[in-house]
Amino acid sequence: MAGLPGAARARSASPGSPPALDGSFLLSPLGGLMGAQAVLGLLVWSLIAATTYHLHAAYGWVMFVSLFFWILTLLFFVTYLLQLHQKFYMVPWPLVLMIYNAVATVLYITAFVTCAAAVQPTSWRQWDYNRRAAASVSTGGQGRAQGWGSPRGHTWCVLLFQFFACVTMITYGVSTFFSFRAWKGLGSNAATSQVTDHA
């Protein structure tokens with residue numbers, strides 16, 4: 001029993017030590033997927049912000065889901081990158097990460113389906129988004145601006161954020177799989193890991 005407090009101290013970093021970067025986390029499947037989720041999530045919510053999401057409830061839901069999980073993904077990414085999860089060893093981090101990724105996957109599925117159902121490709125009524133950005137993009141001296149503010153640009157923006165929302169949903173699903181494997185101990189259990197071969 002005397003070794004338990006020492007074991008607990010060995011698991012956690014000392015309170016006064018600065019956080020160290022964990023390069024192996026970036027090379028792990030979860031680290032790579034978290035980095036991809038951060039980039040894809042940024043693309044999703046920035047493309048939504050370039051539309052008139054405030055006029056459509058479906059786009060507002062996608063904006064909420066993408067921005068909320070983008071911020072949480074960045075927090076988890078920094079936590080694991082700086083090895084801050086080792087300072088809070090009493091938290092079951094593999095379980096927390098698995099639940100987080102599962103919830104993110106389910107909510108991204110609802111956001112993707114909601115957004116896909118709300119798109120009306122023949123409707124050009126709401127094309128006036130981001131006119132200032134569209135005015136700065138000119139086409140070969142023709143004297144008129146085309147970009148995200150045009151009806152065709154708005155459609156491309158909506159299609160792009162749907163595509164990236166789908167890809168982000170898939171990365172969260174794959175992260176759920178890897179988080180589940182990490183939570184379960186990569187497929188090994190106590191019974192099989194203690195069996196010795198006597199042959």
Side-chain angles (χ1 to χ4, degrees), residues 12 19-119 129 148 154-189:
S12 64
L21 289 177
D22 186 10
S24 64
F25 171 70
L26 292 175
L27 300 176
S28 70
L30 283 175
L33 286 168
M34 269 194 202
Q37 290 162 1
V39 170
L40 291 170
L42 174 69
L43 283 171
V44 170
W45 73 257
S46 63
L47 286 169
I48 295 170
T51 66
T52 52
Y53 70 92
H54 58 278
L55 297 177
H56 305 284
Y59 295 166
W61 171 246
V62 179
M63 181 68 159
F64 167 75
V65 168
S66 63
L67 192 57
F68 179 73
F69 285 111
W70 180 73
I71 291 170
L72 285 180
T73 299
L74 286 180
L75 289 175
F76 275 119
F77 185 74
V78 169
T79 300
Y80 274 88
L81 185 64
L82 296 178
Q83 299 179 3
L84 297 175
H85 64 286
Q86 292 178 352
K87 291 186 184 265
F88 302 104
Y89 59 88
M90 72 289 292
V91 176
W93 287 104
L95 179 62
V96 169
L97 198 59
M98 185 192 67
I99 292 171
Y100 166 73
N101 284 322
V103 169
T105 302
V106 169
L107 289 183
Y108 256 103
I109 288 171
T110 63
F112 176 72
V113 169
T114 303
C115 183
V119 170
Y129 305 114
W148 296 118
H154 174 70
T155 301
W156 276 106
C157 191
V158 169
L159 291 175
L160 279 175
F161 84 70
Q162 283 184 328
F163 170 76
F164 286 120
C166 182
V167 173
T168 307
M169 172 188 64
I170 291 169
T171 60
Y172 277 112
V174 173
S175 290
T176 303
F177 171 74
F178 283 117
S179 299
F180 178 76
R181 286 185 47 140
W183 176 58
K184 283 295 190 182
L186 297 175
S188 67
N189 61 26

Let me have the donor-acceptor pairs involving side chains of residues 31-43, under 3.5 Å, with sequence neighbours excluded, atom names and distances please.
from  : atom 1 : to     : atom 2 : distance (Å)
Gln37 : NE2    : Thr171 : O      : 3.2
Gln37 : NE2    : Ser175 : OG     : 2.6

Would you mind writing out the side-chain donor-acceptor pairs for residues 93-100 within the sub-3.5 Å range, not counting sequence neighbours?
from   : atom 1 : to    : atom 2 : distance (Å)
Trp93  : NE1    : His85 : O      : 3.1
Trp93  : NE1    : Phe88 : O      : 3.0
Tyr100 : OH     : Phe69 : O      : 3.0
Tyr100 : OH     : Thr73 : N      : 3.1
Tyr100 : OH     : Thr73 : OG1    : 2.5

Starting from the C-alpha separation in whole Å, work towards a yes-or-no answer on side chain to side chain contact (heavy atoms under 4.5 Å, CB included) for Val167 and Tyr108.
CA-CA 10 Å; Val167 173; Tyr108 256 103; over 6 Å; no
Take Asn101 and Phe180 through the test side chain to side chain contact (heavy atoms under 4.5 Å, CB included) and record every step on the way to the result.
CA-CA 10 Å; Asn101 284 322; Phe180 178 76; over 6 Å; no
Steps toward side chain to side chain contact (heavy atoms under 4.5 Å, CB included) verdict (Leu72, Leu75):
CA-CA 5 Å; Leu72 285 180; Leu75 289 175; 4.2 Å; yes
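Scanning for side chain to side chain contact (heavy atoms under 4.5 Å, CB included) contacts around Leu84 gives Pro19, Thr79, Leu82, Lys87, with sequence neighbours left out. For Leu27, there are no side chain to side chain contact (heavy atoms under 4.5 Å, CB included) partners at least two apart in sequence or on another chain. Qualifying ring-ring contact (aromatic ring centres under 6.0 Å, His included) partners for Phe112, counting only residues two or more places apart in sequence or in other chains: none. Qualifying side chain to side chain contact (heavy atoms under 4.5 Å, CB included) partners for Ser46, counting only residues two or more places apart in sequence or in other chains: none. Listed by chain and residue number, Phe64 satisfy the ring-ring contact (aromatic ring centres under 6.0 Å, His included) test with Phe68 (two or more places apart in sequence, or in another chain). A search for side-chain hydrogen bond (donor to acceptor under 3.5 Å, both in side chains) contacts involving Thr105 returns Thr176, not counting sequence neighbours.
The minimum heavy-atom distance linking Ala165 with Val44 is given by the pair N-CG2, 3.4 Å. Taking both residues in full, the closest heavy atoms of Tyr172 and Ala104 are given as CD2-CB, 3.5 Å, listed atom of the first, atom of the second, then distance. The shortest non-hydrogen separation linking Ala111 to Val62 is O-CG2, 3.3 Å.
Remark: Ile48 CD1 to Met63 CE distance equals 6.5 Å, nearest 0.5 Å. From Ser28, atom OG reaches atom OH of Tyr80 across 10.0 Å, with rounding to the nearest 0.5 Å. Rounded to the nearest 0.5 angstrom, Trp70 CH2 and Leu67 CG are separated by 7.0 Å.
For Phe25, the CZ atom counts as densely surrounded, since its 6.0 Å shell holds more than 12 non-hydrogen atoms of other residues, nucleotides or ligands.
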